[in-house]
Structures are given as C-alpha cells and as structure tokens.
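All remarks here apply to the structure that follows.
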Amino acid sequence: MQFTSEQRLDDGVLEREFTLGEIPGTLWTPESAAPAPLILIAHNGGLHRRESRLVARARHSAAYGYAVAAIDAPGHGDRPRSAADEQARADLRRAMQAGEPVDEIFESFIGPLVEKTVPEWQTTLDALLARPEIGGPVGYSGWTAVGIRLAMVEPRIAAAGFFAGGYVPRAQREEARQVTIPLLFLLQWDDEGNPRQRALDLFDAFGTKEKTLHANPGGHAGTPWFEVDDGERFFARHLK
C-alpha cells in the first residue's frame, strides 16, 4: 500500500489517498492514536470513491472513531473502463430509454463485476489490517451485491449495512441465505430503479437472526441523513 497524498481535515480526520497495485483508494482515520475499528465503504452505479455523499459518510464515521476505507471497483472512478464495460452501459441506457426490461443487462454486467471486486476488497483488507492505526473489528457499508458475497466469504466482516438501491444478481440473492452477521438494510420506498418487493424479498432471505430494515419514503438518492447517525449506532453495537 503506497500513500500518494494526505491532508488533515478541519474535523481532525486524516484523509489519505493510496494505491495498492492497480487499486486506487482513500483512507480516513480519526485523531485518536489507538487502533481503530474499520469500516469498508463500497459504492456502485459507476460512482467514484470521491463522490460527495460517500465522502460525507466516510468523514462522519471517522469522526466517530472509525478508520474508513473506500476503493474504486474495476471500471469505476479512476479505473479504466473496458470495451465490455462501455458496451454494457450503452446497452443499459438504450434499454432504459426505450422502456425495455433491463434485468438481463444488469445480470450480465453486475455478476462478473462482483466476481472481480470482492477479491480486491479482500486484498485491501489484508493491507489495511496490517497498519498499526487500524485494529478491527471490521464493518461493511454500501453496495449490496458485493457486500453479500464479501460477508459470505470473509470471516473478518463482523457487521454490515446494505443499501437496497442497486441491482443484486440472482447468485447473490441465493447467497443472502448464508449471510449470518448482524445487518442493517436501508430501503427507499419509492426507489424508481429497484422494485420494492424484490428488496423486501431479499431482506427476508438474509440468514442472519439479527437484521433490521429501515424504510423511508422517497426516490433512489433520497436516503435521509439521520440514517447515517443510525448507522453509526448500529456499528457501535458491533464494532466497539
């Protein structure tokens, strides 16, 4: 892990950009000298790890005493997009504009992306936990499809907060039955891109005995900020 820049923010959080092989990432750490629990924040939808809402969540968690890390998934943010990535996005835009079904396009795009992204998160986790300022336990927040697979294969993940607003491939819907860690699931009730019943079925499928569903009215990007505070309380129960 090579740090390429760092700055101390006005809330005392130290923000550092890093590279790990081909993986670009950002690490936020609190002022405290004690080893901090770690939260991995993952994004989807082609977003950059520097997207403003993600950065705001990361800084908020770091101010609460967590180390927080985000990486750009393959084809996201600073990562180059392959010809297949560009074609899938073009096919998706065309189908949505025409009002055609998009599930199979998502399936062909998101499924392979999960397969590539999860090992990168595991590599990143190895490097982060080797650092003296980071202790664990480890939480995960964000992209549901990747989070399901990561929670299933990675025993170091102790708790997870998932956002119901992204497409979850059929394989991960089945794998959800093997997720047994504490779970907070956020649902926007009127999400235009995510059928409500599919999200409710996914929540029902999770195998954990400790799972909580928070549903709020509004569209895809309308998650209320108070859910960030509720998320901090959720992670405090399981990571501190």
Side-chain angles (χ1 to χ4, degrees), residues 1-74 76-79 117-118 120-144 146-147 150-151 154 156-163 181 184 186 221 223-240:
M1 178 174 283
Q2 300 292 324
F3 289 104
T4 58
S5 69
E6 70 172 61
Q7 61 174 327
R8 181 72 66 178
L9 305 175
D10 54 12
D11 53 6
V13 171
L14 180 63
E15 179 184 83
R16 288 174 283 179
E17 301 294 326
F18 67 83
T19 58
L20 185 61
E22 297 180 354
I23 306 168
T26 307
L27 175 64
W28 297 265
T29 48
E31 286 188 280
S32 171
L38 174 63
I39 298 176
L40 310 177
I41 292 188
H43 58 82
N44 63 346
L47 295 178
H48 197 289
R49 70 184 188 282
R50 303 293 307 174
E51 195 273 332
S52 60
R53 288 176 297 171
L54 185 147
V55 171
R57 286 167 46 215
R59 291 182 58 174
H60 192 275
S61 294
Y64 263 74
Y66 300 100
V68 185
I71 62 173
D72 283 331
H76 289 58
D78 291 333
R79 306 283 293 273
T117 302
V118 168
E120 293 194 345
W121 266 119
Q122 292 182 287
T123 298
T124 304
L125 183 55
D126 290 341
L128 291 168
L129 290 179
R131 298 201 57 79
E133 70 270 33
I134 299 174
V138 182
Y140 173 93
S141 177
W143 187 357
T144 300
V146 165
L150 196 59
E154 182 49 75
R156 292 175 290 184
I157 303 295
F162 292 156
F163 290 84
I181 59 175
L184 175 63
L186 299 183
T223 303
W225 182 253
F226 63 71
E227 290 290 2
V228 175
D229 290 320
D230 285 347
E232 306 298 359
R233 286 188 284 271
F234 166 78
F235 283 120
R237 292 197 299 272
H238 301 291
L239 304 185
K240 290 186 173 181

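Note that the coordinates shown come from a computational prediction; the quantities given were computed from them, not determined experimentally. One is the number of the first residue; the rest follow in order along the sequence. Computed over heavy atoms, backbone and side chain alike; hydrogens, waters and symmetry mates excluded.
- For Pro224, the side-chain contact (heavy atoms from CB on, under 4.5 Å) partners two or more places apart in sequence, or in a different chain, are Gln188, Asn216, Phe226, Glu227.
- Around the CD atom of Glu22, the shell of radius 6.0 Å holds no more than 12 heavy atoms that belong to other residues, nucleotides or ligands.
- Between Ala62 and Val68, the shortest heavy-atom distance links the atoms N-CG2, 3.8 Å.
- One distance of note links CZ of Phe18 with CG of Leu27; it measures 6.5 Å at 0.5 Å rounding.
- With a 4.5 Å cut-off on side-chain heavy atoms, Val228 and Tyr64 do not count as touching.
- Looking at His43 and Glu51, their side chains never bring a donor and an acceptor atom within 3.5 Å of each other.
- Shortest non-hydrogen contact noted between Ala36 and Ala67 is CB-N, 3.7 Å.
- The shortest distance between side-chain heavy atoms of Leu38 and Leu125 falls below 4.5 Å.
- Residues that satisfy the side chain to side chain donor-acceptor pair (under 3.5 Å) test with Ser141, not counting sequence neighbours, are Arg57.
- The side-chain contact (heavy atoms from CB on, under 4.5 Å) search around Glu31 returns Arg8, not counting sequence neighbours.
- One finds no salt bridge joining Glu232 and Arg237 here, because no Lys/Arg side-chain nitrogen approaches an Asp/Glu carboxylate oxygen to under 4.0 Å.
- Side chains of Val146 and Tyr140 form a contact here, defined as non-hydrogen atoms less than 4.5 Å apart.
- Listed by chain and residue number, His238 satisfy the ring-ring contact (aromatic ring centres under 6.0 Å, His included) test with Phe234 (two or more places apart in sequence, or in another chain).
- Thr26 and Glu15 share no side-chain donor-acceptor pair at under 3.5 Å.
- Heavy atoms only, all atoms of each residue included: Pro74 and Thr117 are closest at CD-OG1, 3.5 Å.
- The ring-ring contact (aromatic ring centres under 6.0 Å, His included) test with His60 is passed by exactly one of Trp225, Trp28, Tyr66, Phe235: Trp225.
- Residues Ile23 and Glu120 come closest through the heavy atom pair CD1-CB, 3.7 Å.
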Quiz item: Does the pair Arg49 and His76 meet the rule for a side chain to side chain contact (heavy atoms under 4.5 Å, CB included), with working shown?
Solution: CA-CA 8 Å; Arg49 70 184 188 282; His76 289 58; over 6 Å; no
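- Contact check for Val138 versus Leu128: no side-chain heavy atoms found under the 4.5 Å cut-off.
- Partners of Thr4 by side-chain contact (heavy atoms from CB on, under 4.5 Å), not counting sequence neighbours, listed by chain and number: Glu17, Thr19.
- Inter-residue side-chain proximity for Ile71 and Trp121 is flagged as met; some heavy-atom pair is nearer than 4.5 Å.
- Atom-to-atom distance recorded for Arg53:CZ and Thr223:OG1 is 7.5 Å, nearest 0.5 angstrom.
- Taking 4.5 Å as the limit, every side-chain heavy atom of Leu54 sits out of range of all side-chain heavy atoms of Arg59.
- Closest approach of Gly65 to Pro37, counting heavy atoms only: O-CD, 3.8 Å.
- A 4.5 Å side-chain heavy-atom check between Arg16 and Thr29 finds at least one atom pair inside the cut-off.
- The pair Asp72-Arg79 does not count as a salt bridge, with every side-chain nitrogen at least 4.0 angstrom from each carboxylate oxygen.
- Among residues two or more places apart in sequence or in another chain, the salt bridge (charged side-chain N to carboxylate O under 4.0 Å, His left out) test is passed with Arg156 by Asp126, Glu154.
- Counting all heavy atoms, side chain and backbone alike, Pro137 lies closest to Leu239 at CD-O, 3.1 Å.
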